[in-house]
Amino acid sequence: MNIAAAAGLGMLCLLTGCGRQSVPLLDATKAAVLVLAPLPSQRGSVHTLHVRIRGAIDGDGIFYGDLINTQRVSGRFDLRLAGDYFSTNCVIRYSPVRARSGKASVEYEFSTL
């Protein structure tokens, strides 16, 4: 990416309220409830949410929640979800299914106006 493109992307994020965040899921053998929320500096109305869930599980696990239809994962995985979203938080649940070990991270970004 050239400097002009990077500067343009940075300006767009300042104007529209972008904020990437990450939440770890450190133990894939335990159920988890993750509540995703915009950064405190994002004061505008939420209009879009991008979520990326990636990791590796020895066994199986299930992710489900507000933005995500039930997704069964095993081994190395990389789920990408995006869409119109108008709520101020998003709940993603993880449930292990014969998971012996593993971890994942949930990276997300709310866009606001």
Side-chain angles (χ1 to χ4, degrees):
M1 178 182 298
N2 66 34
I3 293 174
L9 181 59
M11 183 59 80
L12 178 64
C13 282
L14 283 174
L15 294 175
T16 62
C18 299
R20 292 183 188 205
Q21 301 180 73
S22 181
V23 177
L25 177 66
L26 298 175
D27 186 353
T29 65
K30 297 179 182 172
V33 177
L34 307 172
V35 179
L36 313 181
L39 291 168
S41 61
Q42 292 181 279
R43 291 183 167 70
S45 300
V46 172
H47 65 86
T48 307
L49 176 58
H50 296 267
V51 178
R52 182 177 187 186
I53 306 171
R54 59 183 165 166
I57 296 176
D58 179 13
D60 298 303
I62 296 174
F63 286 96
Y64 58 100
D66 293 345
L67 180 68
I68 180 173
N69 293 326
T70 301
Q71 296 285 320
R72 189 177 191 115
V73 295
S74 179
R76 294 182 62 85
F77 60 91
D78 189 349
L79 305 174
R80 295 173 190 242
L81 313 154
D84 293 341
Y85 198 79
F86 302 101
S87 184
T88 56
N89 64 37
C90 177
V91 177
I92 295 180
R93 292 175 172 80
Y94 169 77
S95 183
V97 180
R98 295 184 307 268
R100 293 173 290 283
S101 66
K103 61 184 178 179
S105 70
V106 178
E107 300 163 5
Y108 65 98
E109 181 176 16
F110 285 88
S111 296
T112 58
L113 294 174

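Each of Ile92, Leu67, Asn89 was compared with Leu36 under the side chain to side chain contact (heavy atoms under 4.5 Å, CB included) criterion, and only Ile92 meets it.
With values rounded to the nearest 0.5 angstrom, Phe110 atom CZ is found 7.5 Å from Thr88 atom OG1. Here the OG-CG distance, from Ser101 to Asp27, works out to 9.0 Å after rounding to the nearest 0.5 Å. Atoms CG and OG, on Asp60 and Ser95 in that order, are 11.0 Å from each other to the nearest 0.5 Å. Atom CD of residue Gln42 and atom OG of residue Ser111 lie 7.5 Å apart, to the nearest 0.5 angstrom. Between the CZ atom in Arg20 and the NE2 atom in His50 there is a gap of 9.0 Å [rounded to 0.5 Å]. How far CD of Glu107 is from CD1 of Ile53: 10.0 Å, rounded to the nearest 0.5 Å.
Linking Ile, Leu, Val, Met, Phe, Trp and Tyr residues whenever their side-chain heavy atoms come within less than 4.5 Å places Val97 and Tyr64 in a single cluster. A continuous path of Ile, Leu, Val, Met, Phe, Trp and Tyr side chains, each step under 4.5 Å between heavy atoms, connects Leu34 with Ile57, placing both in one hydrophobic cluster. A continuous path of ILVMFWY side-chain contacts below 4.5 Å connects Tyr108 to Ile68, so both sit in one hydrophobic cluster.
Side-chain N or O atoms of Gln21 include one that pairs as donor or acceptor with a backbone N or O of Ala37 at under 3.5 Å. Judged by distance alone, with hydrogens and angles left aside, the side-chain atoms of Gln71 form no donor-acceptor pair with the main-chain N or O of Leu79 at under 3.5 Å. Under a 3.5 Å cut-off, the side chain of Tyr85 and the backbone N or O of Val46 do not form any donor-acceptor pair. Distance alone, capped at 3.5 Å, places no donor-acceptor pair between the Thr48 side chain and the Gly83 backbone.
Using a 4.5 Å heavy-atom threshold, the side chains of Arg54 and Ser105 count as touching.
Between Arg76 and Asp78, none of the side-chain N atoms (NZ, or NE/NH1/NH2) sits under 4.0 Å from a carboxylate O, so this pair counts as no salt bridge.
Minimum interatomic distance between Ala99 and Ala28 (heavy atoms only, all atoms of both residues): CB-O, 3.3 Å. For the pair Lys103 and Leu26, the tightest heavy-atom approach, listed with the atom from each and the gap, is CB-O, 3.6 Å. Smallest separation of non-hydrogen atoms from Ala32 and Leu25: CB-CD1, 3.5 Å. Heavy-atom minimum distance, Phe77 versus Ala104: CZ-CB, 3.8 Å.
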